[in-house]
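Presented below is the structure to which this report refers.
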Amino acid sequence: MKRRIWSCKARFCYAQNSAIQKPTLSAPFTSTAATASLTKSDGWDSTWLDASCILQDKDLLKKGGPDSKTGIYVLDLIESCALEPDRALFTNLIKKCTNLKRLKEGRLVHAHLMSCFREDLVMNNNILNMYAKCGSMEEAQKVFEEMPVTDTVSWTALITGYTQSGLLEDAVVLFPEMLRADVKPNEFTLSSLLKASGTRHNNGFGRQLHGYCLKHGYILNVYVGSALVDMYARWENIKDAESIFNGLVSKNEVSWNALIAGHARKGEGELALSLFSRMLRKDFKPTPFTYSSIFGSLSSTGFLEQGKWVHAHMIKSGSQLVGFVGNTLLDMYAKSGSIEDAEKVFSRMLKLDLVSWNSLLKGYAQHGRGSDTLELFKRMLSIGVNPSDVTFLAILTACSHVGCVQEGEYYFQLMKTYAVEPQVSHYVTMVDLFGRAGLLDQAERFIQNMPIEPNMAVWGALLGACRMHKNLELGAYAAQRIFELDSNDSGPHMLLSNIYASAGRWDDVANVRSMMRVNQVKKEPAISWVEIKNCVHSFVANDDIHPQREEIQKMWEKVSTKIKEVGYVPDSSQVLFYSNQQEKEERLQVHSEKIAFAFALLNTPPGSTIRIKKNIRICPDCHSAFKFASKIMGRDIILRDTNRFHHFQDGSCSCGDYW
DNA sequence: TTTGGTAGTT
């Protein structure tokens, strides 16, 4: 044994001072099954482990440090262990393989040394856990079945493995089996099972578990408590999640994060933020998970100022820009219309992954910055990052917004080169690309040649293009296809109605309206949000209870008079607020974004950028009006609707003159 | 002497 260890050290020193060399197979292993797996082409390299990780020897660790180039061959260690089975060394090897998720090495260790410890329950649990953590549940299950004795830890390791592999049903069936086998679950088992229950649709089992935890006092455990909060939060049952959270005897950051994430997933930015403040007041330190949830929740409704405040807090607290936090922060800035801040985050991130590249690409594309999108894409390819379906969606969106039809077709074909299968969203974007450019026949042909069944979004893109280019016949045809798929969606009804209205065909408008009444189609109310002094204000078109109603109306009249003076004649009403029910029903278009804009003009200093968000597409009239307003009032207006960002600046819009 | 809970770009 001593000699063997010495030989390990010798090789370690050698490896440290020279390039790593492939060792030759040592004699004791040539006849084993494990050797076969090693002779595969990729077998050798992956069997190198960091000496600093595999060895517990402190002196060696100091010499080598966490340097991945300093290698030692795991077989040497196994060899030394096999000659004189050493329980501690074997445990260490297995634990290292588990932590590093090195399945191949784990199998080797298992194959060579397990025969010495077959009856050892703890050792069996270690092996079982190694397979489970490495994601090989078949092997984990096999180890479990062959174990002479099992205990709570064995069952828990198996349950956790299934949960973490996403095999939730396999995890939950083990609970009753475990009880039948007369093995008692502990707080480890229960937190894992609760995690599995949170992502299942069936709530019954989770509630049973909740009852079990209450009955046996596990609710006092912080892991179980947090898992319970998380489970209810994932079921979107925030009320119960909150009441469990409030009743928890011991809380930690994870308990807070679970609840904050619950609000974030529901898009409740303000509630997530108020919990964040409460967390700080109670002296809990936010973690990367907290920041990630908060940034995610603030990206959806344009709470830019609050987002910046949390970002500043993160910098001040000295928290590192961990990968996934950087990505959500980048995405928040991009979605809030502040692409410059998104660029800054991107350039300062320590490690960029595919998501980082995709997020900035999507941000550029949605802001109509076509050439930036394509340049970034080329940079991404040049450093060897493999594009995904999301990447191509951003590229096609950029081409569509800038009107580059040929480039769009080229990149659509390029997807094959990278073995990326086009999804229905890519087809939608291609139809949008052709349609926007006025190539309606080509768009229709493209739909007919699609290898997958076109859905409502595909026909919707064509209908939108028909609205843009005033093509009544094709528009009616596209609308008909949509109504066949779903006759209750208000969007296509409104689009079709607008197509007829712009052509002055009022009888057809009336027909669409009556069809909506017959089909009981309810129009989603148009809402616009504007953020002023850290507060988000929302407006609907018939917002007749607003305290500043009269001032807003006067401000808009002032703006629209000026717009008319420069020669623009709007094609719909300038009235912001309906005076009665009849008037409300008669109007075709609502202008909540105009109210938001007028309100922002009243409440912000000249020169500041006005950021508006709308829950449906901006109407052509408002689009034109905002272009003029940006010039006349000397304001930048960034409006985000369901489709894209519209950056109105000095009389033009970043998304091109498509209306 | 081994097992657990929080984030997620389209």
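Here is the naming used below: chain letters follow the sequence lines, and residue numbers restart at 1 for every chain.
Heavy atoms of A:Asp389 sit nowhere under 4.0 angstrom from any nucleic acid atom. In this structure, A:Ser425 reaches neither bases nor backbone, as no heavy-atom distance under 4.0 Å exists between it and the strands shown. A:Ala261 comes within 4.0 angstrom of the backbone, heavy atoms only, and of no base. At a threshold of 4.0 angstrom between heavy atoms, the contacts of A:Lys133 are confined to the sugar-phosphate backbone, with no base atom among them. Within the nucleic acid shown, A:Asn126 comes within 4.0 Å of sugar-phosphate atoms alone, with no base atom in reach, counting heavy atoms only. Within 4.0 Å of A:Val224, counting heavy atoms only, lies no atom of the nucleic acid at all. Nucleic acid contact for A:Asn124: none, since no nucleic acid atom lies under 4.0 Å from a heavy atom of the residue.
For A:Val254, the side chain to side chain contact (heavy atoms under 4.5 Å, CB included) criterion is met by A:Ser226, A:Asn252, not counting sequence neighbours. With sequence neighbours left out, the salt bridge (charged side-chain N to carboxylate O under 4.0 Å, His left out) criterion links A:Glu146 to A:Lys142.
Counting 5' to 3', DNA chain B first comes under 4.0 angstrom of a heavy atom of chain A and last does so at the ends given by B:dT1 to B:dT10.
Two rings, from A:Tyr291 and A:His311, have their centers 6.0 Å or more apart. Checked against the 6.0 Å centroid criterion, the rings of A:Phe434 and A:Phe446 qualify as a close aromatic pair. Aromatic ring centres of A:Phe346 and A:Trp357: separated by under 6.0 Å.
A:Lys251 forms a cation-pi arrangement with A:Phe245, by the criterion of a distance under 6.0 Å to the ring centre and an angle within 45° of the ring axis.
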